[in-house]
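Worksheet: the structure to be examined is printed underneath.
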Amino acid sequence: MIAPKYAEVIVEVKSASVDRPFHYEVPALLADRVHVGTRVLVPFGPRRVEGYIVGFSETTDAPDKTKPLAEVLDDEPPLTPDLVKLAGWLSERYLCTKAAAVQALLPSGMRAKATTFLRIKTDPPDVYLPGSWESELLQELYQSPNKTKEQLVSEHTEWRPLIRAWVEKGFLEELHGVKHGIQAKTMAFLFTPLTSADLQTALDELSNRAKKQKELLSYLFDAGEALMMKDVFAVTGASSATLKPLLDKGYVVKEEREVNRDPYGIQHAEKSQPLPLTPTQENAYQTIKTAVDSGAPQTILLQGVTGSGKTEVYLQAIASCVEQDRQAIMLVPEIALTPQMVEQFKKRFGDEVAVLHSRLSTGEKYDEWRRIRHGEVNIVVGARSAIFAPFDSLGLMIIDEEHETSYKQDDHPKYLAREVAMYRARQHRATVVLGSATPALETRWWAHQGIVQRIEMPERVRGQKLPKVRVIDMRDELQSGNRSMFANALKQGIEERLERGEQVILFLNRRGFATFVLCRSCGYVARCRDCEIPLTYHKARGLESLRCHYCGFAERLPETCPDCKGDHVRHFGTGTQRVEEELGKVFPEAKVIRMDVDTTSGKDAHATLLSRFRKGEAQILLGTQMIAKGLDFPKVTLVGVISAETSLYLPDFRAAERTFQLLTQVAGRAGRHELPGEVIVQTYNPQHYAIQFAKHQEYEKFFDHEVRHRYTLNNPPFFELTAFTSVNEDEMKALHIARTLEDRLRRSLDGRDDVIILGTSPAPLARLQGKYRFNVVLKYKKFKGVSAPIREAYQSLQGEAQKLGGYLTIDVNAQMIL
DNA sequence: AGCACGCCGACT
DNA sequence: GTCGGCGTGCTC
């Protein structure tokens, strides 16, 4: 191959102004080491930065400026050409720089930094006054010759010009180096070089009192290979004190070797065998297999109730895909909460599976990623970002519980795993399977439209009955004089469980913000006239008001209920702590484990708390929706939802959908074992369709109702939403940016009937970390038709926002407006 | 994003 | 007179 003249490089600089390829000459020496996707170090202005090659060309429009590539960072390009294209698509779809897209694709920490060492070539001829910069710099250079230039400059910015001058004058020399973010991990290994005859003499020579040493030596000899030191110590009970004399005598050799970090430990478990499929499962399996084998990109919605045996269908479909030498990705919402799923995959596929998720250390992630890139595994199980697994021949991507909000990335680029999967499916002619008992409304709508193929799995594999769901009307409770947060039925239910030694789970479905206003007498909830979104309670300067977080509408807090004229209008926003206090009062004898963001911040906090509950250390588990997924405890016979309202009246048009999904999930999971389960849902709105349909697990009816609602309000799936958030410590500045953005969008999109602009309004999280936040929301039918104006307005105002000391973010296809 | 260059107020 | 504040503009 004739070496191309120029490499087109995207530099790792997060600024829209440099988000385009720069041309670099390819030195002959590096020609056979550069490919599309190769990471390189390039001179960029006065410094060196990391970059990625996205292409090659024979010409450049800036021939007088081109410089050569400085360094090639890896021998195998981390990005395949497919992934380079995917990064390009990500940056266009979610409006981020290509550099940011590439970072989202690669395991965190896989970054190299340019380093520069300064060496004194000739001492500067002048003698400098003590205390002058010159003498200080000279002293520092002599004292710490290993400090990098970057370190020196960050400690003493004022030295920068001096260093530059001395380099120019030839007093100093710059030596370039690279610091890699992640190193391959090494571990100490032990082995014995002794032959069998040597061993005997050695054992004889050792003192009879040196029992541990002899054991250690024999153990190593019997092993016949190098063993990891920590394992040897663990098995033989030896320590470094035992080892030391053996090393000194040369009986044992210690060596550092590279190892793959194995986050799940060595798996000895026997492989599980495929289970026989029910006719329903068989049908689902065949449909997926046909799609994969067809070699045409397709999306399938696998709509199966909890317990319908979706996992076994996934396992067998993946097995079939892998047999054809194509690879598969399995996404799960929160891997820390679904260890069973990982276990099942490990058992079925053994070493063929890599596991990727956010709780792995940087090094562990890197190792798993490398196993994938090198083709050592064909299957990946992981959370959201695993959708970027660097496979080169994808056949199948499965997204389990596809409706879960965790599939939307919460920082830039704010991608939706489902969309990424569908893009990759087009690239690889692969199949996407979206699995859920309660699909996202959009997904179900696409199935209705025929864009997505739908398979139903309506019955449970073992035909268990769903638990009884009781909906308690809290208005009646209030009328009969019960002012506490527990209905009498729930109180009684908990008492019974405590007496019988069974367990209770209580949900407080709260997201930690957004106080809504409700009449405790009649259940009236204050809503926006235009958006129908529940209004949010605000208190400023003693004035109580209600505001819409979508369109900005505001009114005074009514003193009496507009509906029933009663005076029980209250704002709601109970936290788990308050419920815990209340539980302590009502059931002083019960032990309670509380799980929410505050108690689960540690690395294994989730697992620890859940296992303590499983062991019976507490009778009541109280938590937010995060516990809904771990819900599989044999002794739990009662699940209580403290207030369905808290999710029903989030200032979010998806609130009804979320409530329906959560209640269905709770009901579907409770009482899976011998003991019959009961679910109690407390609410002031028992007649609400989300609650009524969830009570009987009627997804289709819910869908039918909700989709009409969405249609009349121009919400997804009929319009897509993109949200901008302007953030600034200064309220006026934040508001100004938001207003200007709104203005510019209106001007460029004026008169279009496929676009709706919801004006500047305070964000649901109106103040976060002392900063004010304002939203502008854009609704449109097709992204293609608005992407250019959006990009223009966003990029120019992003710069403005920064000048004012704040920032502007964008969330394309926002799933939740915060 | 950095980093350099360039034009205005308080000081070795 | 200089030093060093941060506004503007460029990076193959």
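Numbered from 1 within each chain, the chains take letters A, B, ... in sequence-line order. Only this structure's heavy atoms are used, side chains among them; waters, hydrogens and symmetry mates stay out.
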Is the number of heavy atoms from other residues, nucleotides or ligands under 6.0 Å of K408(A) NZ greater than 12? yes
Chain A contact limits on DNA chain C, taken 5' to 3' with a cut-off of 4.0 angstrom to heavy atoms: dG4(C) to dC12(C)
Is the charged tip of R93(A) near the ring of F783(A): under 6.0 Å from the six-membered ring centre and within 45° of its axis? yes
Please write out the pairs of protein N or O atoms and N or O atoms of nucleotides 4-6 of chain B separated by less than 3.5 Å, giving the distance to one decimal.
| from | atom 1 | to | atom 2 | distance (Å) |
| --- | --- | --- | --- | --- |
| dA4(B) | OP2 | R160(A) | NE | 3.4 |

With a non-hydrogen cut-off below 4.0 angstrom, is P43(A) in contact with a base, only sugar-phosphate, or nothing? sugar-phosphate
Which whole-number value in Å describes the distance from K14(A) NZ to dG2(B) P? 8 Å
Report the C-alpha separation of K149(A) and E174(A) in whole Å, then their side-chain angles, then the decisive distance to 0.1 Å, and conclude whether the salt bridge (charged side-chain N to carboxylate O under 4.0 Å, His left out) test is met. CA-CA 9 Å; K149(A) 181 181 163 189; E174(A) 291 192 321; 2.7 Å; yes
Once you round it to whole Å, what is the distance between P of dG2(B) and CZ of R47(A)? 6 Å
Can you establish whether the number of heavy atoms outside R746(A) located under 6.0 Å from its atom CZ is more than 12? yes
Is the shortest distance from a Lys or Arg side-chain nitrogen in R654(A) or E442(A) to a carboxylate oxygen in the other one below 4.0 Å? yes
Under a 4.0 Å threshold between the charged nitrogen and the carboxylate oxygen, would K67(A) count as salt-bridged to E25(A)? no
Students often get this wrong, so: under 4.0 angstrom with heavy atoms, is Q802(A) touching a base, only sugar-phosphate, or nothing? sugar-phosphate
Nearest whole angstrom, please: distance from the P of dA1(B) to the CD of E12(A). 13 Å
What is the nucleic acid contact for T66(A), judged by heavy atoms within less than 4.0 Å: base, sugar-phosphate only, or nothing? sugar-phosphate
So do Y24(A) and T66(A) actually touch side chain to side chain, heavy atoms under 4.5 Å? no
Pick base, sugar-phosphate or nothing for Y24(A), based on heavy-atom distances below 4.0 Å to the nucleic acid. sugar-phosphate
Check: S57(A)/T59(A) side-chain N/O donor and acceptor closer than 3.5 Å: no
